[in-house]
Amino acid sequence: MKLENRKLKVLNRAHPRLRALTIPCVLLIFSLFSCREKAVIETSFAIPENARTIEKEAIAANEAISAKKTASADGVKIDYDLTEMNSNMVYSQVFDMMIEPEIYDDKLIKMRGNFALYPNSPTANGGTAYAVIISDALACCQQGIEFKYDFGEKLPKEGDIITVTGQYVSAIMSGDIVYNYVKAVSVDM
């Protein structure tokens, strides 16, 4: 009982002091968070004025290149000439071709990259499949497009740079698997 009485006496003595400090603290907090006009905060990561111009120019240039229909050596109009784009745009375009193949179906495509062989390929009925491997600017990411072409005896070496021109085809294999390839009309080595 004696201990409880001592605690009550200490609380009673401290209580008036706490009450005197409570009112100014509440007023201070209220003044800090009142509905005053919000100040505009300057940020150090604002986009420079010329960045928007550079971005617009790059977008316009790449759209012009991808929309431009160039003529091949035999006078046929090419719908997507990937050889005219920078490496990042080419990689992005190829990625888009894999994601949305219906947009590119039956379009004439011209592309350049490394030649690759895939023996015993199911897409070539157990034969050898051919592909063009396209890298991004740093060559850390690669995307390949299979193509069909009769080389005869003039097969390029694996890794050689080739340019393939042909019709983009989307087919459905057994099991409802979408299979995209280019039916090549020419391969330049």
Side-chain angles (χ1 to χ4, degrees), residues 47 51-189:
I47 298 172
R52 289 191 177 96
T53 306
I54 293 168
E55 180 185 17
K56 285 179 186 174
E57 289 172 4
I59 290 170
N62 284 325
E63 284 177 352
I65 289 169
S66 65
K68 180 174 98 173
K69 294 189 175 208
T70 57
S72 65
D74 58 358
V76 176
K77 296 289 184 185
I78 297 172
D79 295 305
Y80 293 95
D81 190 349
L82 306 182
T83 63
E84 294 290 323
M85 297 178 189
N86 71 40
S87 57
N88 284 328
M89 278 304 296
V90 171
Y91 182 78
S92 299
Q93 189 77 53
V94 171
F95 181 78
D96 193 50
M97 291 165 80
M98 297 298 126
I99 298 298
E100 299 187 75
E102 64 277 356
I103 294 173
Y104 303 95
D105 205 18
D106 295 326
K107 302 288 185 191
L108 197 60
I109 310 288
K110 184 176 181 183
M111 57 194 166
R112 182 178 20 253
N114 297 89
F115 178 70
L117 294 166
Y118 297 98
N120 303 318
S121 172
T123 58
N125 295 325
T128 302
Y130 310 117
V132 176
I133 307 297
I134 299 169
S135 301
D136 68 348
L138 298 176
C140 63
C141 302
Q142 298 176 336
Q143 184 79 4
I145 298 180
E146 186 174 340
F147 67 93
K148 297 195 181 295
Y149 187 73
D150 183 14
F151 284 103
E153 299 296 318
K154 297 174 117 184
L155 192 67
K157 293 178 189 158
E158 194 158 8
D160 283 356
I161 302 293
I162 61 170
T163 302
V164 177
T165 305
Q167 182 182 16
Y168 191 80
V169 178
S170 287
I172 297 178
M173 295 176 61
S174 63
D176 292 332
I177 297 172
V178 177
Y179 166 56
N180 307 312
Y181 66 95
V182 172
K183 188 170 25 174
V185 293
S186 70
V187 176
D188 299 323
M189 299 174 247

**Prompt:** At what distance, to the nearest 0.5 angstrom, does CG of L155 lie from CG of D160?
**Reply:** 9.5 Å
**Prompt:** Is there a side-chain contact between M85 and Q93, using heavy atoms and a 4.5 Å cut-off?
**Reply:** yes
**Request:** Output the distance between atom OG (S92) and atom CD (Q143), rounded to the nearest 0.5 Å.
**Result:** 10.5 Å
**Prompt:** Under 3.5 Å, is there a donor-acceptor pair between the side chain of Y168 and the main chain of E102?
**Reply:** no
**Prompt:** How many angstroms lie between atom CD1 of I161 and atom CG of D188, to the nearest 0.5 angstrom?
**Reply:** 13.0 Å
**Item:** Given D96, V169, D79, the one that forms side chain to side chain contact (heavy atoms under 4.5 Å, CB included) with Y104
**Value:** D96
**Request:** Working to the nearest 0.5 Å, report the span between CD of E158 and CG of L117.
**Result:** 4.5 Å
**Complete:** The single option from V132, D150, I162 that satisfies side chain to side chain contact (heavy atoms under 4.5 Å, CB included) with V187 is I162
**Complete:** Output for pair (I133 CD1, F115 CZ), nearest 0.5 Å, gives 10.0 Å
**Request:** Give, for atom OG1 of T163 and atom CG of D81, the distance between the pair rounded to the nearest 0.5 Å.
**Result:** 9.5 Å
**Request:** With sequence neighbours left out, write down each residue that passes salt bridge (charged side-chain N to carboxylate O under 4.0 Å, His left out) with K148, or none if nothing qualifies.
**Result:** E146
**Request:** Kindly indicate whether the side chain of I109, heavy atoms from C-beta on, has any atom under 4.5 Å from the side chain of M97.
**Result:** yes
**Asked** Is the side chain of D105 donor-acceptor paired with the backbone N or O of S170 at a distance under 3.5 Å, no angle test?
**Response** yes
**Request:** Keeping the roles fixed (side chain from N114, backbone from G159), state whether a donor-acceptor pair exists under 3.5 Å.
**Result:** yes
**Message:** Going by the rule ring-ring contact (aromatic ring centres under 6.0 Å, His included), which residues pair with Y179 if we only count those two or more places apart in sequence or in a different chain?
**Reply:** Y181
**Prompt:** Listed by chain and number, what are the ring-ring contact (aromatic ring centres under 6.0 Å, His included) partners of Y149, not counting sequence neighbours?
**Reply:** F151
